Amino acid sequence: MRGLKTEDRLSVDFFQRDVLEVAPALLGKQINLVCSDNSIRKFTINEVEAYRGEEDLACHASKGCTDRTKVMYRRGGCLYIYLIYGLYRMINIVTGPEGHPQAVLIRGLEEVSGPGRVSRLLGITKDYNGEELTLSSRIWITNGPDDVNYLTATRVGVEYAGEIWKNKLWRFYY
DNA sequence: TCATTGATTTCA
DNA sequence: GAAATCAATGAT
């Protein structure tokens, strides 16, 4: 019997929606990563955060389009990778249409908790910055086996962003 | 060119 | 509670 098409790579249509739609929709989806030995490993996303537009003071794009943030202004579907605290690389998935800076931070997988540990486990470095998940031959996203019920919470580490933005329930997890 | 600052993790 | 550690950003 033919099952659900769980192995299909997510396409541009999925990522071009608003970040507040895409972020919870990514829960339960799987990151497919080609390792150095050519095998494909799958990691299931279970915690994410949404960063949305120049007006969101917690979003790096609140500083405008700079060398660092320009990838967030691209069409949804590519990666935004940056170094934080000189130690950890954060993995973000750009969403929305071109010119609308948004991204989803991958905070946790079923295999590991914490955004810094996620990138360490996956071996993601800055040369993945701008990588197109819809085209890449080394990393892409596929549907998980099930839809997921999720909870929301405030984002982590954004106390500086002011009352309005630090209190947004833009963290999604299960 | 110089100083400040983090979407964090880890250890005490 | 505090250290580790550095590129981007903004001020000088």
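Note that the structure is a prediction, hence the values are computed from the model and not measured. Naming: A, B, ... by sequence-line order, numbering from 1 per chain.
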Trainee: Which nucleotide, dC6(C), dT8(B), dT9(C), lies nearest any side-chain atom of L83(A)?
Mentor: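 When the side chain of L83(A) is considered, dC6(C) is the closest of dC6(C), dT8(B), dT9(C).
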Trainee: Does R138(A) make a cation-pi contact with Y128(A) (under 6.0 Å, within 45 degrees of the axis)?
Mentor: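 Satisfied, under 6.0 Å and within 45°.
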Trainee: Considering Watson-Crick and G-U wobble pairs with both distances under 3.5 Å, what does dT5(C) pair with?
Mentor: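 Looking at the geometry, dT5(C) pairs with no nucleotide.
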Trainee: Rounding to an integer number of Å, can you tell me how far M90(A) CE sits from dT5(B) P?
Mentor: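 About 20 Å, once rounded to whole Å.
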Trainee: Counting just side-chain N and O atoms, does R107(A) come under 4.0 Å of either OP1 or OP2 of dT8(B)?
Mentor: yes
Trainee: So, Y51(A) and dA7(B): ring centres less than 5.5 Å apart, planes less than 30° off, yes or no?
Mentor: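 Stack criterion met.
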Trainee: Describe the nucleic acid contact of G86(A) in one word from base, sugar-phosphate, nothing, applying a heavy-atom distance below 4.0 Å.
Mentor: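 The residue G86(A) makes base contact.
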Trainee: Give none if dG10(C) has no partner; otherwise give the nucleotide forming a Watson-Crick or G-U wobble pair with it, both distances under 3.5 Å.
Mentor: dC2(B)
Trainee: Surrounding CG of D127(A) (heavy atoms of other residues, nucleotides or ligands, distance under 6.0 Å), is the total greater than 12?
Mentor: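 For D127(A), atom CG is crowded (more than 12 foreign heavy atoms under 6.0 Å).
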Trainee: Go through dT5(C), dA8(C), dA7(B) for me and flag the one nearest to the K126(A) side chain.
Mentor: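 In terms of side-chain proximity for K126(A), the closest of dT5(C), dA8(C), dA7(B) is dA8(C).
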Trainee: What is the separation between atom CG on L87(A) and atom P on dA7(B), rounded to the nearest whole Å?
Mentor: 13 Å
Trainee: Looking at R117(A), does any N or O in its side chain come under 4.0 Å of the phosphate oxygens OP1/OP2 on dT10(B)?
Mentor: yes
Trainee: What's the CE-C1' distance between M72(A) and dA7(B), to the nearest Å?
Mentor: 10 Å
Trainee: Determine whether a donor-acceptor pair (one donor, one acceptor, N or O, separation below 3.5 Å) exists between the side chain of Y82(A) and the base of dA7(C).
Mentor: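 For Y82(A), whose side chain was compared with the base of dA7(C), there is no donor-acceptor pair (under 3.5 Å).
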Trainee: What about D67(A): does its side chain form a donor-acceptor pair under 3.5 Å with the base of dA8(C)?
Mentor: no
Trainee: Under 4.0 Å from OP1 or OP2 of dA7(B): is there any side-chain N or O of H60(A) that close?
Mentor: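 So the side-chain polar atoms of H60(A) do come within 4.0 Å of the phosphate oxygens OP1 or OP2 of dA7(B), strictly under.
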Trainee: Do Y80(A) and Q102(A) have side-chain N/O donor and acceptor atoms under 3.5 Å apart?
Mentor: no
Trainee: Is any side-chain N or O of Y160(A) closer than 4.0 Å to OP1 or OP2 of dA7(B)?
Mentor: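 Yes, such a contact exists.
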Trainee: Rounded to the Å, how far apart are I84(A) CD1 and dA7(C) C1'?
Mentor: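 Interatomic distance, CD1 of I84(A) to C1' of dA7(C): 10 Å.
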Trainee: Got a donor-acceptor contact below 3.5 angstrom from the R17(A) side chain to the F14(A) backbone?
Mentor: yes
Trainee: Quick check on dA8(C): syn or anti? Syn means the glycosidic torsion is within 90 degrees of zero.
Mentor: anti
Trainee: Pick base, sugar-phosphate or nothing for R68(A), based on heavy-atom distances below 4.0 Å to the nucleic acid.
Mentor: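 Result for R68(A) = sugar-phosphate.
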Trainee: Does a side-chain N or O of R120(A) approach OP1 or OP2 of dT10(B) to a distance below 4.0 Å, or not?
Mentor: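 So the side-chain polar atoms of R120(A) do come within 4.0 Å of the phosphate oxygens OP1 or OP2 of dT10(B), strictly under.
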Trainee: So which nucleotide does dA7(B) pair with, by the Watson-Crick or G-U wobble rule with both distances under 3.5 Å?
Mentor: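 None - no nucleotide pairs with dA7(B), as no candidate has both distances under 3.5 Å.
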Trainee: Should V34(A) and I40(A) count as side-chain neighbours, where that means a heavy-atom distance under 4.5 Å?
Mentor: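 With C-beta onward as the side chain, the pair touches.
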Trainee: Output the rounded distance in Å from OH (Y80(A)) to P (dA7(C)).
Mentor: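 The answer, rounded to whole Å, is 15 Å.
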Trainee: Tell me the interatomic distance from I81(A), atom CD1, to dG6(B), atom P, rounded to whole angstroms.
Mentor: 21 Å
Trainee: For the pair made of CG in L57(A) and P in dA7(B), what is the distance, rounded to whole Å?
Mentor: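 Interatomic distance, CG of L57(A) to P of dA7(B): 12 Å.
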Trainee: Figure out the OH/C1' separation between Y88(A) and dG6(B), and round it to whole Å.
Mentor: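 Whole-Å distance recorded here is 13 Å.
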Trainee: Which nucleotide, dT9(C), dG6(B), dA7(B), lies nearest any side-chain atom of K63(A)?
Mentor: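 Of all the options, the side chain of K63(A) is nearest to dT9(C).
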Trainee: Is R107(A) positioned over the aromatic face of Y173(A), cation under 6.0 angstrom from the ring centre and no more than 45 degrees off axis?
Mentor: no
